[in-house]
Amino acid sequence: MKTNYLALIDKMSIEQKVKLTTGSGLWRTAEFPEFELDDLVMTDGTYGVRYNKNQIEDGEDSMAGFLSVVNQSAEDADSEEGFEGAEGFFGLSEVATCFPNGSSIANSWDVELLKEMGKALAVECRHLGVDVLLGPGINIRRTPLAGRGYEYYSEDPILTGELAAGLINGMQEYGVGTSLKHFACNNSEFKRCEMDSIVSERALQEIYLKGFKRAIDKSSPWTVMTSYNLLNGIPTSEHPWLLNTVLREQWGYDNTVMSDWYGTKDRPASLQAGNDLAMPMSERNVKSLITAVNEGIISEETLNTACRRVLSLYEKCHNGRKQNIGQMDAEKHHALAQKLAAESIVLLKNDHQLLPLDIQKKQKIAVLGEAAQTPVIQGSGCATTRPTMLDCPLDEIIHIAGEHCDIHYAPGMDKDGTVNLTQLQSAVELARKSEIAIVFVSTAIGEDGENGDRHNLDIIPAHQQLIEAVSEVQSNLIVVVANSDAIVMPWLDNANSVLETFFSGQGMGGAVAECLFGLVNPSGKLTVTVPNSLEETPAYLTYPGDNRTHYYSEDIFVGYRYYDKRKIEPLFPFGFGLSYTEFSYSNLRTSANVIKAGQNLTVKFDVTNTGKRFGKEVVQLYLSAPSGDYAREVLSLKGFSKVALEPKETKEVTIELTWEDFCYYNPESQKWLADDGTLTLIVGRSSRAHELAVDISIESEPYYPPAHIHSSINSLLANPNATERALKYLSVQTGLPADHLKAKLQELAPYLFFGMTVTLTEMLGVDINETEFAAALAEPK
């Protein structure tokens with residue numbers, strides 16, 4: 001018999017309703033045998049399924065289990081000991097495919113690829129009995145120091161939202177729920193439960209919330225998870241403006257909102273604000289909410305609304321269990337992980353076209369660095385996944401080229417990544433005797449993750465020392481980098497070619513080998529700006545904050561927006577990435593030359609592969625806005641597409657823009673507005689490499705800033721409607737005609753900078769009642 005989920009609300013007592021809106025144990029929701037209602041199972045993470053038997057099936061002690069999740073290290077999961085089954089922090093965690101982390105997979109700029117990854121994650125969730133995977137995490141990568149930056153996609157909200165929607169649609173199409181997180185402004189791990197993120201409403205709307213809105217509009221995630229931090233003085237889990245005004249009313253989201261684990265400070269306040277489900281189980285939360293409802297502090301209607309949303313989640317998940325989505329195939333998913341990694345690798349440098357390597361030349365190749373043997377594939381913390389298998393880069397290089405090339409290996413350091421002069425000298429001698437040296441380097445494991453941020457933007461010192469020493473004896477030097485987020489590269493001039501992998505998951509080794517030897521043409525593009533130094537990053541002066549307050553001082557100028565506004569040349573710009581082939585752009589056209597309020601625009605152009613290899617190009621569409629009263633970015637990403645092209649092939653690219661794409665958020669009116677004037681649409685291969693451009697005229701509905709009694713005369717005259725109301729009032733007070741008064745005000749406007757109250761009373765001798773005058777100026781309701 002089909003369950004009528006929502007009808008259960010009328011059958012439940014207050015205690016049962018509160019139970020429904022509170023977790024059971026660490027990773028489950030409540031079950032109700034009396035209503036034949038099974039519980040739901042949730043688990044992390046954002047790029048792999050971390051399923052712990054002790055915690056999920058056996059009800060391990062919540063505090064011990066939670067601490068084991070937060071503190072787990074990628075080193076435990078990826079080491080040979082951890083891979084073979086060492087428990088460590090992972091307890092009885094099951095193996096699962098470790099796909100590329102967010103900072104890596106985003107470089108693919110491929111929404112369909114993210115959807116394919118989502119489907120695979122759903123299959124693995126179903127295999128392990130998981131109903132909701134707690135991801136994707138899409139917080140803006142405001143600074144490369146952020147400890148969980150490796151989980152997140154980009155510094156740009158449009159790109160972030162599109163990629164997140166792809167992953168969510170893939171998972172939920174296969175009947176497994178997602179949790180879009182962390183809502184909102186979880187851009188630091190430093191004292192994350194104490195810090196108050198102070199962010200302007202404009203920066204919130206244009207940057208930090210925009211990616212969430214776009215993902216919600218395009219995928220309707222079954223849950224949204226609040227963050228630990230405070231936002232402008234209020235914990236996000238109990239933030240009425242964030243959860244009710246923005247998420248519910250403005251965006252129309254009506255699915256389940258849940259807290260992060262132990263992220264609810266005041267359960268009644270969080271429920272009142274729109275946080276439906278508090279995770280995990282907490283007797284404190286249960287008791288406080290029952291008391292609040294019984295005492296009338298929280299209405300039963302409000303509790304019922306939360307119950308409806310939670311029961312809707314139960315219904316989606318229970319129906320999802322009935323879908324036949326196939327069995328988990330570890331080898332097939334490993335191949336997918338390798339494909340995803342290959343599509344996401346960014347070729348940052350390739351002097352003299354050293355890459356791809358030609359195995360037919362039968363060269364002697366030195367493979368160097370401990371990371372060639374023990375790859376760094378993921379970050380630490382709750383998202384860390386115990387991989388089903390693991391590509392060794394050295395083995396994969398030998399597999400592809402071993403029969404043709406003379407390949408030798410030297411670690412160049414101790415196994416723990418520290419300097420060993422004997423090992424270093426052996427590596428240098430091997431490089432000297434070789435025709436090519438490939439050095440694998442990384443950032444330190446464990447500096448990324450939860451509860452702490454990175455200390456700097458450097459790779460491990462011994463790794464940099466290896467690059468510098470080898471470059472002195474070998475000019476054909478290729479560096480392969482694994483890192484959580486952007487790094488500085490003082491060693492860049494020492495390298496001939498650089499492959500950037502970020503944290504590429506368990507298929508990283510095979511993907512790198514394929515790129516090195518041309519089996520795959522690198523097509524990844526950076527989703528963050530790579531700085532020359534930490535000191536030039538936008539948030540440097542106010543990060544991570546002090547006195548438990550974190551001011552987002554760069555406001556809307558995040559990432560490339562900051563570098564463009566300050567006219568700073570970064571080490572590598574947003575959207576940058578090289579290829580083994582070349583592309584040309586042509587024939588840019590638009591569906592209209594003039595756009596009026598509410599209209600959409602279609603942009604089309606052609607892309608041609610002018611080289612000799614198959615390749616994929618990520619084409620990017622930017623908007624350069626007209627100047628106005630409010631500060632605007634030099635340009636901002638509005639659309640993109642990844643185009644696959646055979647040599648000499650041309651394809652037409654179409655990108656659709658909505659009216660909102662032309663708007664900025666006006667904090668004075670609390671509306672999205674567009675300024676009249678001419679803007680430029682720019683098609684490019686990165687934020688700094690522009691290929692085509694076209695001007696578009698904007699005809700928006702007029703917006704007049706509100707006038708008040710302390711506005712200047714100039715400000716009043718800029719608002720025709722307020723001017724008319726003011727003149728009508730002043731005409732009554734003075735007995736003078738409105739036209740005469742207007743001419744007088746226009747005459748004085750350039751010279752009198754005081755507010756109108758001072759100007760009218762002190763300088764013009766007009767007797768006004770401030771209350772009446774304020775009422776006259778006010779916009780009619």
Paired with Y560, the side chain to side chain contact (heavy atoms under 4.5 Å, CB included) test is passed by just one of S687, P573, S686, namely S687
CG of L145 to CZ of F190, rounded to nearest 0.5 Å, is 12.0 Å
Will you find, in the side chains of T388 and Q506, an N or O donor that is under 3.5 Å from an N or O acceptor? yes
SG of C125 to CE of M328, rounded to nearest 0.5 Å, is 10.5 Å
Original post:
Quick one: do the T97 and E124 side chains pair a donor with an acceptor below 3.5 Å?
Top reply: yes
Nearest heavy-atom approach of S497 to D351 is OG-N, 4.3 Å
Nearest heavy-atom contact between M413 and G369 is CE-CA, 4.5 Å
Worksheet entry | K339 and E116 ion-paired at < 4.0 Å | yes
For the residue pair Y174 / Q172, report whether a side-chain donor-acceptor contact shorter than 3.5 Å exists. no
Taking every heavy atom of S504 against every heavy atom of S104, the minimum-distance pair comes out as OG-OG, 3.1 Å
Run D156 and S154 through side chain to side chain donor-acceptor pair (under 3.5 Å) and show every step you take.
CA-CA 5 Å; D156 182 84; S154 176; 5.4 Å; no
Exactly one candidate in D453, T143, N187, T537 meets side chain to side chain donor-acceptor pair (under 3.5 Å) with Y543; the answer is D453
- prompt: Salt bridge or not for E155 and R142, using N-O below 4.0 Å?
  reply: no
Notebook entry, point to check: Can you find a heavy atom in the side chain of V479 that is under 4.5 Å from one in the side chain of L477?
Noted result: yes
Query raised in the report: Can you tell me if Q464 and W491 form a side-chain donor-acceptor pair at under 3.5 Å?
Result: no
- Message: So does R50 get a backbone contact from the side chain of T43, meaning a donor-acceptor N/O pair under 3.5 Å?
- Response: yes
Got a salt bridge between K181 and D44, using NZ or NE/NH1/NH2 to carboxylate O under 4.0 Å? yes
Note to self: Are the side chains of P531 and P570 in contact, using a 4.5 Å heavy-atom criterion?
What the structure shows: no
Between S523 and the options K616, E617, K642, the side chain to side chain donor-acceptor pair (under 3.5 Å) test singles out K642
Is any side-chain heavy atom of F576 less than 4.5 Å from a side-chain heavy atom of L348? yes
Side chain to side chain contact (heavy atoms under 4.5 Å, CB included) test vs Y409 passes for just one of L368, I398, L394, namely L394
>> Is it true that N107 and E343 share a donor-acceptor pair across their side chains at a distance under 3.5 Å?
In response: no
For residues S103 and D485, is any side-chain donor paired with an opposing acceptor at under 3.5 Å? no
Quiz question: by atom type and distance under 3.5 Å, do the side chains of Y47 and E151 form a donor-acceptor pair? no
dist E396:CD -> F517:CZ (nearest 0.5 Å) comes out at 11.5 Å
Check: Does the side chain of N186 pick up a donor-acceptor pair with the side chain of Y228 at under 3.5 Å?
Finding: no
Shortest non-hydrogen pair, S442 vs I459, comes out as O-CB, 3.4 Å
Any side-chain donor near an acceptor of the partner, Q327 and H127, under 3.5 Å
no
- Any side-chain heavy atom of L645 within less than 4.5 Å of one from K651? yes
Taken to the nearest 0.5 Å, the spacing of L357 CG from I438 CD1 works out to 5.5 Å
Taken to the nearest 0.5 Å, the spacing of E173 CD from I168 CD1 works out to 13.5 Å
Closest non-hydrogen atoms of G48 and L133, given as atom of the first, atom of the second and distance, are O-CD1, 4.2 Å
Between the OG atom in S108 and the CE atom in M117, the distance rounded to the nearest 0.5 Å is 9.5 Å
Checklist entry - Hey, would you say the F574 and W109 ring centroids sit under 6.0 Å apart? => result yes
Checklist entry - How about Y150 and F502: are their ring centroids closer than 6.0 Å? => result no
Between F583 and G615, the two heavy atoms sitting closest are CZ-C, 3.8 Å
For this session: Would you mind reporting whether E500 and F572 have side-chain heavy atoms less than 4.5 Å apart?
Result: no
Close side-chain approach of V520 and F614, heavy atoms under 4.5 Å: no
How about N169 and S219: does a side-chain donor come under 3.5 Å of a side-chain acceptor?
no
| task | Look only at the side chain of Y580 and the backbone of C515, and say whether a donor-acceptor pair between them is shorter than 3.5 Å. | result | yes
**Study point:** D391 and H334 side chains, donor-acceptor separation under 3.5 Å
**Key:** yes
Self-check item: Any side-chain heavy-atom pair of D458 and T443 under 4.5 Å
Solution: no
